[in-house]
Amino acid sequence: MNMKTKTELLRMGIKELEDFMDSIGEPRYRGRQVHKWIYKKAVSSFYDMSDLSRDLRTKLDELARISIPRVLKQRASIDGTRKFLMELEDKKRIESVIIPHSRNKDTRYTLCISTQVGCPVGCVFCATGNSGFQRNLEAYEMIGQVLGSERELRKRLKSNENGLITNVVYMGMGEPMLNYDQVIKSIYSLNDPKGINIGQRHITISTSGDVRGINRLAQENLQVTLAISLHACSNELRDRLIPLNRKYPLEELIKSIKQYIRLTNRRVTFEYLLLDGVNNRKEDAEKLITMLKPLLANVNLIPYNEVEGLEFKQPSPQQVNEFYHYLLQAGVNVTLREEKGADIEAACGQLRAGYRK
Ligand code: SF4
């Protein structure tokens with residue numbers, strides 16, 4: 001049996017794994033054992049599942065697979081951020097970024113995952129958007145990034161501890177709303193208390209402004225955080241930076257966000273990349289204040305991380321500070337994001353499917 005015809009167990013929760021064991025003539029509790037190996041120990045080889053009999057391990061290996069993506073390469077930043085280049089079953093490559101955060105001597109990790117191979121949106125400042133689109137990821141491939149990263153992390157830390165990754169942000173390669181169903185499916189799987197068990201409030205979905213997706217998310221009754229990559233407060237500029245704005249102009253986007261806030265009662269986060277000479281003037285800050293203050297939104301300012309071959313530049317620290325204080329003094333709930341991993345091209349907008357040699 002080749003890999004394609006084998007049953008993918010990463011698509012399954014406990015109940016489906018029990019059913020699967022039933023279907024191959026094994027007791028249902030075997031499904032619970034395998035579930036534990038996959039989701040608690042991030043094991044993908046049946047031969048490592050030491051509480052299964054030798055015969056069952058061989059049988060499972062013939063019939064099934066657990067496609068946790070392989071980490072082909074990793075790069076570490078001086079700030080502790082790590083970027084993983086992962087290979088999927090069909091040899092396509094994606095990137096995930098793991099960002100440490102410490103509290104009371106305890107370090108936990110946020111994982112930034114990809115939802116597509118490449119991205120069809122084509123934002124002009126983004127390395128991913130400039131390298132084209134190949135395909136959507138399936139939910140199990142998003143889950144696989146979490147398990148593959150957790151496994152890598154444990155190996156490096158020589159730890160058997162479970163749940164080092166406590167937060168997941170859908171901000172890697174791809175526009176999550178253009179792969180909506182699979183993204184939502186993966187959130188329920190991440191959230192499963194018997195599985196990876198990441199709380200919904202520890203999950204963020206970021207969109208470049210896909211109104212259809214925002215409207216659908218508003219109906220889901222999920223406690224996740226919605227983040228909007230805004231980056232411009234006029235349609236003229238936003239059309240140029242984020243081509244999706246031509247389909248969903250700012251008026252429509254803001255209307256949909258207002259409705260989202262009304263229906264979910266949740267605060268929305270706006271990401272605003274600071275691009276030197278493009279969107280960081282005083283009048284840009286004023287427009288931002290007018291647009292976002294009434295929404296009681298959180299605003300993350302992100303000094304742009306330069307990408308080789310692209311025209312955009314990072315503003316000086318002084319310009320960044322001025323912009324930040326302007327918003328702060330106007331009463332906007334603003335944070336200057338301490339950008340992680342820029343030295344390894346793992347920061348916002350720097351991901352692309354492969355390392356340049
Ligand atoms: S910024 Fe996001 S939506 Fe825009 S091209 Fe890059 S990955 Fe796609």
Side-chain angles (χ1 to χ4, degrees), residues 83-86 88 92-97 99 111-137 141-142 145 168-180 182-183 186 204-214 216-217 225-233 235 237-250 252-253 256-257 268-275 278-279 299-314 337 339-342 345-354:
K83 180 164 75 165
F84 296 137
L85 176 69
M86 296 189 170
L88 304 165
K92 300 257 186 271
R93 292 170 175 197
I94 49 168
E95 293 185 330
S96 312
V97 179
I99 306 145
L111 185 71
C112 175
I113 63 171
S114 295
T115 54
Q116 298 179 310
V117 184
C119 180
V121 176
C123 300
V124 290
F125 50 81
C126 171
T128 309
N130 277 270
S131 48
F133 170 68
Q134 296 185 47
R135 71 168 174 88
N136 281 332
L137 296 187
E141 293 173 312
M142 299 174 211
Q145 290 172 62
V168 170
V169 294
Y170 290 75
M171 283 190 191
M173 296 164 64
E175 163 54 63
M177 297 300 190
L178 294 180
N179 190 10
Y180 186 88
Q182 295 298 314
V183 165
S186 71
T204 299
I205 305 184
S206 174
T207 175
S208 57
D210 184 275
V211 164
R212 187 166 169 262
I214 297 168
R216 288 181 76 187
L217 189 66
T225 299
L226 172 65
I228 310 288
S229 299
L230 188 67
H231 312 329
C233 294
N235 282 322
L237 179 58
R238 205 161 186 274
D239 278 355
R240 194 156 68 79
L241 297 177
I242 305 173
L244 194 63
N245 196 70
R246 293 176 209 149
K247 186 170 179 191
Y248 300 116
L250 278 167
E252 216 179 306
L253 175 62
S256 144
I257 292 166
V268 172
T269 298
F270 286 82
E271 314 278 347
Y272 193 89
L273 271 184
L274 288 166
L275 304 160
V278 176
N279 66 355
V299 179
N300 276 341
L301 293 181
I302 311 161
Y304 181 63
N305 301 291
E306 293 174 19
V307 174
E308 203 183 302
L310 300 185
E311 63 187 284
F312 300 99
K313 298 270 170 274
Q314 184 176 96
R337 197 192 295 164
E339 197 55 27
K340 303 266 194 171
E345 296 172 333
C348 242
Q350 289 187 310
L351 301 185
R352 58 175 104 218

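When a residue number appears, it is its place in the shown sequence, counting from 1. Note that ligands are numbered from 1 as they come in the structure, with each ligand's atoms numbered from 1 the same way.
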Which of the numbered atoms in ligand 1 are under 4.0 angstrom from any heavy atom belonging to Gly122?
5 (S)
Whether the Ser256 and Tyr248 side chains hold a donor-acceptor pair (N or O, under 3.5 Å, no angle test) is what I'd like checked.
no
Proximity of Cys119 to ligand 1 by residue part, where a heavy atom lies under 4.0 Å
side chain
Do we see a donor-acceptor contact under 3.5 Å between the side chains of Thr115 and Glu175?
no
Using a 3.5 Å distance criterion without hydrogens, assess whether the side chain of Asn235 forms a donor-acceptor pair with backbone atoms of Leu250.
yes
Would you please name every residue forming a side-chain contact (heavy atoms from CB on, under 4.5 Å) with Lys92, sequence neighbours left out?
Leu88, Asp90, Val117, Gln134, Arg135
Can you name the atoms of ligand 1, numbered from 1 with element, that are less than 4.0 Å from a heavy atom of Gly174?
7 (S)
